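These notes concern the structure reproduced below.
This one's a predicted model, so the numbers in the text were calculated from it and none came from an experiment. Values reported hereafter were calculated over all heavy atoms of this structure, with side chains retained and with hydrogens, waters and symmetry mates removed. Below, chain A is the first sequence line, B the second, and so on; all start at residue 1.
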There are 2 protein chains.
Amino acid sequence: MDTSVICPRFETAISLLSQRWTGLIIYQLLSGPQRFSHLTEVIGISGRLLSERLKNLEAEGLVTRTVYPETPVRIEYALTEKGISLKPVMDEIQNWSQIWVEPTETRKV
Amino acid sequence: MDTSVICPRFETAISLLSQRWTGLIIYQLLSGPQRFSHLTEVIGISGRLLSERLKNLEAEGLVTRTVYPETPVRIEYALTEKGISLKPVMDEIQNWSQIWVEPTETRKV
DNA sequence: TCCCTTTAGTTACTTTATGTAACCAATTAT
DNA sequence: ATAATTGGTTACATAAAGTAACTAAAGGGA
C-alpha cells in the first residue's frame with residue numbers, strides 16, 4: 001500500500017500543457033497579442049481546434065479576447081498575467097530542445 | 001507574408017510533452033527507477049497506454065528498461081541523462097502550479 | 001440594391017487516440 | 001498439476017483531433 005501520489009496541483013498544470021496545441025499557443029502568444037488567423041497560420045492548427053483551445057484558455061484565465069470593431073473586424077488574443085507566468089516553463093523547454101533535439105529530428109512537416 | 005515560424009526543435013520538444021501521460025511518467029521517474037505496476041498505480045494509467053508510452057520514451061532515448069530475472073520477474077524503468085535533463089522543465093511546471101493552480105481546482109479524481 | 005471581400009469562426013463528417021476490461025506468458029512455490 | 005505474481009497484449013467502445021465546406025457580420029463597389 002504505497003500512498004505516494006503525484007501532487008494534485010502539478011497534475012492539473014501538466015494536464016493543461018498535455019493538451020495538444022495548448023503549449024504551442026501559449027508559447028506563440030508570449031511574443032505578443034495576436035489575431036486568430038495569424039495563430040492558425042503560424043501554429044498550423046485548424047480553425048476548429050484553435051477556437052476550442054482559445055475558449056478553454058480564456059475559461060482558465062490564461063488568455064484574453066479583445067474585439068476591435070474595425071473593418072473587417074479585428075480580434076486579438078493576449079496572455080493574462082497567469083499566462084505570461086508560464087514563460088519560465090517555455091524557456092526551459094526551449095533550452096532543453098536546443099541541447100537534446102537534433103535538427104534532423106524536426107522533419108515532421 | 002509572415003515568415004515567423006515556430007522553432008522546429010521547440011515544436012519537437014513540446015509535441016513530446018503534449019502527449020497525454022508522457023509528462024507525468026517523466027515526472028514520476030525523476031524520483032528514481034520504478035517498475036511497471038508501480039507506475040500504473042501512482043499515475044493512474046492503464047497498462048495498455050503505459051506500455052505504449054514507455055516504448056515511445058525508450059525509442060526517444062529518454063527511458064531505459066532493465067529486466068531483473070527474479071521471481072517473479074522485476075522490470076525497472078529509469079530515466080536516461082536525456083530524460084533527467086528535463087528536471088528543470090518539471091521544476092518550473094511545479095513552481096507555476098504552486099502559485100497559479102488553486103487547491104480547489106484539483107478535484108478531477 | 002446586390003454581390004464581393006475580409007475576418008472569425010462553426011458544422012458535419014472521417015480518422016486517430018484513449019479508456020476499459022478480459023486475456024496471455026513466464027516463472028516458481030505448493 | 002495448479003495457483004500466484006509480474007508485465008504485459010488484445011479486442012472493443014468512446015472521446016478527441018483532422019479536414020473541408022459553410023456561415024455571420026460589416027463594409028465597398030458596380
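- Note: CG (B:Leu50) to P (D:dT6) measures 15 Å, nearest angstrom.
- In terms of phosphate contacts, B:Lys55 brings a side-chain nitrogen or oxygen within less than 4.0 Å of OP1 or OP2 of D:dT9.
- Using a 4.0 Å heavy-atom cutoff across all strands shown, B:Ser46 reaches at least one base atom of the nucleic acid.
- Straight-line distance from the CD atom of B:Glu58 to the C1' atom of D:dG8: 14 Å, rounded to whole Å.
- The two atoms that bring B:Arg53 and B:Arg20 nearest to each other are NE-O, 2.8 Å, heavy atoms only.
- In this model, the phosphate group of C:dT6 is not approached by any side-chain N or O of A:Arg74 to a distance below 4.0 Å at OP1 or OP2.
- Contact annotation: A:Trp21 side-chain N/O to D:dG18 OP1/OP2 distance is under 4.0 Å.
- Hydrophobic clustering, with ILVMFWY side chains joined whenever heavy atoms are under 4.5 angstrom apart, groups A:Trp96 together with A:Ile99.
- In this structure, NE2 of A:His38 is placed 18 Å from P of C:dT6, rounded to the nearest angstrom.
- Atom C1' of nucleotide C:dT18 and atom CZ of B:Arg20 are separated by 7 Å, given to the nearest angstrom.
- Note on B:Tyr77: only backbone sugar-phosphate atoms sit closer than 4.0 angstrom, heavy atoms only; bases stay farther off.
- With C:dT18, C:dT28, C:dT7 as the candidates, the nucleotide lying closest to the side chain of B:Thr71 is C:dT28.
- The 5' end of DNA chain C is approached more closely, in terms of each residue's nearest nucleotide, by A:Leu54 than by the other of B:Gln19 and A:Leu54.
- Per the geometry, CG belonging to A:Asn56 stands 12 Å off C1' belonging to D:dA16, to the nearest Å.
- With salt bridges taken as basic N to acidic carboxylate O contacts below 4.0 Å, none links B:Arg9 and B:Glu11.
- With distances taken from any side-chain atom of A:Ile75 to the nucleotides C:dT6, C:dA8, D:dG7, the minimum falls on C:dA8.
- In summary, the side chains of B:Gln34 and B:Gln28 do present a donor paired with an acceptor at a separation below 3.5 Å, with no hydrogens or angles considered.
- Rounded to an integer number of Å, the gap from CD1 of B:Ile25 to C1' of C:dT18 is 13 Å.
- Between the side chain of A:Thr80 and the backbone N or O of A:Gly61, at least one donor-acceptor pair lies under 3.5 Å.
- Residue-level contact check: B:Arg48 touches the bases, meaning some heavy atom is under 4.0 Å from a base atom.
- In this structure, A:Gln34 places its CD atom 12 Å from P of C:dA8, rounding to the nearest Å.
- Comparing C:dA8, D:dA17, D:dT6 by their closest approach to the side chain of A:Ser37 singles out C:dA8.
- OP1 or OP2 of C:dA8 has not a single side-chain nitrogen or oxygen of A:Arg65 nearer than 4.0 Å.
- Nucleotide D:dG7 holds its P atom 14 Å from the CD1 atom of B:Ile43, rounded to whole Å.
- With 3.5 Å as the limit, one finds a donor-acceptor pair spanning the side chains of A:Tyr27 and A:Gln94.
- Of the candidates D:dT9, C:dT18, C:dA8, the closest approach to any side-chain atom of B:Ser51 belongs to D:dT9.
- Each of A:Glu52 and A:Glu70 was matched to the nucleotide of DNA chain D holding its nearest heavy atom; the match closer to the 5' end belongs to A:Glu52.
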